[in-house]
Amino acid sequence: MQYLGGKSRIAKEIVEVMSAEREEDMTWVEPFMGSGKVISLVNGRRIGADVNHEIIALFKAIRGGWRPPTDVSKEFYYEVKNNQDKYSDHLKAFISIGCSFGAIRWRAYARSNRGDNYAKSAHNSLMKLNPLIQGIGLYSCDYKSLAIPKRSLIYCDPPYRNTAGYGFEFNHDEFDDWCRDRVKEGHYVFVSEYNMPEDFELVWSKEVKVTVSTKSNNMTKTEKLFRLHKKPPFKLSLY
């Protein structure tokens, strides 16, 4: 399902870049799991976390067999929005994002002149994602509170600098320092962003059409992937 800042168009490419450096025993950790598109393409031990407890509840519910609705009326959308205490976290996550304009949480009921069924599209996307997220350790917490196994590969997709964000405050300087501390502990750290401080090395970039935009369907942005750890030496294995 569409998600603000989602990486569906570039997930495969950046996973290939990071996987090339991942050592065999490394746990893949995502403190900003978001839509789950990136981590769903990864094998081995995986941990996914997000400060949005509702989106984590949605993934857990899907894994447990819950099937989201294929149709959500405008009336029901606003019924849930205005009476959130009455409804489950996983249903609120599905409706507030999957059925909202621009995939921005509770922005407005999504509809188009073509009569697109946003609920059905989100439903189908989640059903395809379900088998790919089995076995992931899922946690609802702030990135600073996440327990990370020793020597992990950490992929971060935080709220970008100078963008609308996700409806909550985010201190980028604190995040940058947190990344530096993780590298000192022996982890590999990659970050998706438009710009990062000079000690973060640019390792990949691509111009991508922004499909979730409140202004234009034709906007393009240059997505970038940065490395903070020292690139590991190339190893040639002979069989």
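Computed from a prediction, not measured in an experiment: that's the story for all the values here.
Rounding to the nearest 0.5 angstrom, the gap separating the CE atom in M18 from the CZ atom in R227 is 11.5 Å. Between T222 atom OG1 and K206 atom NZ the span is 11.5 Å, to the nearest 0.5 Å. Distance CD1/I47 to CD1/I39: 8.5 Å, rounded to 0.5 Å. Taken from CZ in R46 to OG1 in T27, the straight-line distance is 11.5 Å, to the nearest 0.5 Å. For the atom pair CG (N52) and SG (C141), the distance works out to 12.0 Å, reported to the nearest 0.5 Å. Rounding to the nearest 0.5 Å places CD1 of I133 at 8.0 Å from CG of L126.
Classification of the W106-Y77 ring pair by plane angle, with boundaries at 30° and 60°, yields perpendicular. Between F170 and F32, the angle of the ring planes goes over 60°, which puts this pair in the perpendicular group of the 30/60° scheme.
D89 and A57 make their closest contact through CB-CB, 3.7 Å (heavy atoms, listed as atom of the first residue, atom of the second, distance). Contact record, E223 with W204: O-CZ3, 3.7 Å, taken as the closest heavy-atom pair. Annotation for H123 and P69: closest pair CB-O, 3.8 Å, computed over non-hydrogen atoms. The shortest non-hydrogen separation linking V38 to A11 is CG2-CB, 4.1 Å. In plain terms, the two heavy atoms of G98 and A122 that are nearest each other are CA-CB, 4.0 Å. Contact detail for A119 and F94: the closest heavy-atom pair is O-CZ, 3.4 Å.
Using a cut-off of 4.0 Å between Lys/Arg side-chain N and Asp/Glu carboxylate O, D157 and K37 are scored as not salt-bridged. A salt bridge links R105 and E54; the closest N-O separation between the charged side-chain nitrogens and carboxylate oxygens is under 4.0 Å.
Put simply, the side chain of Y118 does not reach to within 4.5 Å of the side chain of V72, judged on heavy atoms. Contact annotation: the side chain of V203 never approaches that of K231 to less than 4.5 Å [non-hydrogen atoms, C-beta and beyond]. Contact of the P68 side chain with the I62 side chain is registered, since non-hydrogen atoms from C-beta on lie closer than 4.5 Å. At least one side-chain heavy atom of R63 sits under 4.5 Å from a side-chain heavy atom of I136. The shortest distance between side-chain heavy atoms of C156 and F175 falls below 4.5 Å. Looking only at side-chain heavy atoms (C-beta outward), Y188 and R22 stay at 4.5 Å or farther from each other.
Put simply, the side chain of N195 never gets that close to the backbone of R161: no donor and acceptor are under 3.5 Å apart. K92 contributes a side-chain N or O that, together with a main-chain N or O of Q84, makes up a donor-acceptor pair within less than 3.5 Å. No donor-acceptor pair under 3.5 Å is formed between the side chain of D142 and the backbone N or O of V51. Remark: side-chain polar atoms of H229 are not paired, donor with acceptor, to backbone N or O of R182 under 3.5 angstrom. Side-chain N or O atoms of K224 include none that pairs as donor or acceptor with a backbone N or O of S205 at under 3.5 Å. No donor-acceptor pair under 3.5 Å is formed between the side chain of R151 and the backbone N or O of D25. Put simply, the side chain of Q134 gets close to the backbone of N130: a donor and an acceptor are under 3.5 Å apart.
Cluster membership for L153 and V17, using ILVMFWY side-chain heavy atoms within less than 4.5 angstrom, is shared. A chain of hydrophobic side-chain contacts below 4.5 Å, direct or via other Ile, Leu, Val, Met, Phe, Trp or Tyr residues, connects M127 to I55.
Applying the side-chain hydrogen bond (donor to acceptor under 3.5 Å, both in side chains) criterion to K144, with sequence neighbours excluded, gives E174. Listed by chain and residue number, E79 satisfy the salt bridge (charged side-chain N to carboxylate O under 4.0 Å, His left out) test with K86 (two or more places apart in sequence, or in another chain).
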_side-chain contact (heavy atoms from CB on, under 4.5 Å) evaluation trace for F200 with E193_ = CA-CA 11 Å; F200 289 76; E193 245 284 13; over 6 Å; no
_Worked check of side-chain contact (heavy atoms from CB on, under 4.5 Å) between N43 and W28_ = CA-CA 9 Å; N43 296 318; W28 184 286; over 6 Å; no
*Kindly indicate, with the supporting measurements, whether the criterion side-chain contact (heavy atoms from CB on, under 4.5 Å) is fulfilled by V29 and L146.*
CA-CA 10 Å; V29 179; L146 180 63; 3.7 Å; yes
*asked:* Go through it in stages, so that I can follow the logic: the residues are R180 and D199, the test is side-chain contact (heavy atoms from CB on, under 4.5 Å), and I'd like the CA-CA distance, side-chain angles, deciding distance and then a yes or no.
replied: CA-CA 9 Å; R180 295 180 180 108; D199 53 333; 2.7 Å; yes
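Counting only N and O atoms by type, the side chains of Y155 and S192 include a donor and acceptor under 3.5 Å apart.
Here F76 and Y87 bring their ring centres to under 6.0 angstrom of each other.
For the side-chain contact (heavy atoms from CB on, under 4.5 Å) with W178, the lone residue among N171, D173, I154 that qualifies is I154.
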